[in-house]
Amino acid sequence: AVRRERPLKICLEIGSLVDPAAPGFALGTVPLLTQWYTENLEKLVRSAPEQYWWVHRRWRGDPSDRQKVRLERRKQHAA
């Protein structure tokens, strides 16, 4: 769901589909299906990161970059 410019206005998008009942289904294990799901979710998040609710830091960049941001925030709050 992509939020639009006004409250309660959203656009539902489907990034990709998978059908386990389809002939020749190639993602027949939990690890393969999980990897497929994670890769597709990552594509959606990277296409519009401002739409994603950052509950964790999975795709927020390099850990060293995050550390720099935290240090800068601490400096701002201390001032």
Side-chain angles (χ1 to χ4, degrees):
V2 177
R3 294 183 308 270
R4 296 297 180 197
E5 57 280 346
R6 295 187 355 226
L8 301 176
K9 294 292 180 179
I10 60 171
C11 178
L12 295 178
E13 298 178 5
I14 297 174
S16 188
L17 294 174
V18 64
D19 182 4
F25 179 65
L27 304 172
T29 66
V30 171
L32 287 174
L33 190 56
T34 301
Q35 181 179 356
W36 173 88
Y37 175 82
T38 302
E39 288 171 356
N40 281 276
L41 177 60
E42 182 179 1
K43 287 177 193 173
L44 293 172
V45 169
R46 288 187 185 278
S47 71
E50 72 283 357
Q51 296 285 325
Y52 187 71
W53 182 30
W54 293 102
V55 181
H56 53 79
R57 298 171 190 264
R58 184 173 192 147
W59 293 294
R60 274 198 161 173
D62 187 277
S64 61
D65 293 339
R66 293 193 304 262
Q67 186 176 23
K68 291 174 190 174
V69 169
R70 278 196 304 272
L71 290 173
E72 188 61 37
R73 284 184 188 158
R74 287 181 190 155
K75 289 178 186 176
Q76 290 174 353
H77 288 294

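The cluster map of Ile, Leu, Val, Met, Phe, Trp and Tyr, joined by side-chain heavy atoms under 4.5 Å apart, puts Val18 and Leu41 in the same cluster. Hydrophobic clustering keeps Leu44 apart from Val2 (ILVMFWY residues linked when any side-chain heavy atoms are closer than 4.5 Å, directly or through intermediates).
Other residues, nucleotides and ligands contribute at most 12 non-hydrogen atoms within 6.0 Å of the OH atom of Tyr37. Applying the 6.0 Å contact sphere to CD1 of Ile14 captures no more than 12 heavy atoms from other residues, nucleotides or ligands.
Here the closest heavy-atom approach between residue Leu32 and residue Ala26 is recorded as CD1-O, 3.7 Å. Between Ala1 and Leu12, the shortest heavy-atom distance links the atoms CB-CD2, 3.6 Å. Looking at every heavy atom in both residues, Arg4 comes nearest to Cys11 through NH2-CB, 3.2 Å.
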Test log, rule side chain to side chain contact (heavy atoms under 4.5 Å, CB included), inputs Lys68 and Glu72
CA-CA 6 Å; Lys68 291 174 190 174; Glu72 188 61 37; over 6 Å; no

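Distance CD/Glu42 to CG/Asn40: 10.0 Å, rounded to 0.5 Å. Atom CG of Leu71 and atom CD of Gln76 lie 11.5 Å apart (nearest 0.5 Å).
Residue pairs meeting the side-chain hydrogen bond (donor to acceptor under 3.5 Å, both in side chains) criterion with at least one member in residues 5-20: none, sequence neighbours excluded.
A donor-acceptor pair is defined here as one N or O able to donate and one able to accept, closer than 3.5 Å; no such pair exists between the side chain of Thr38 and the backbone of Gln35.
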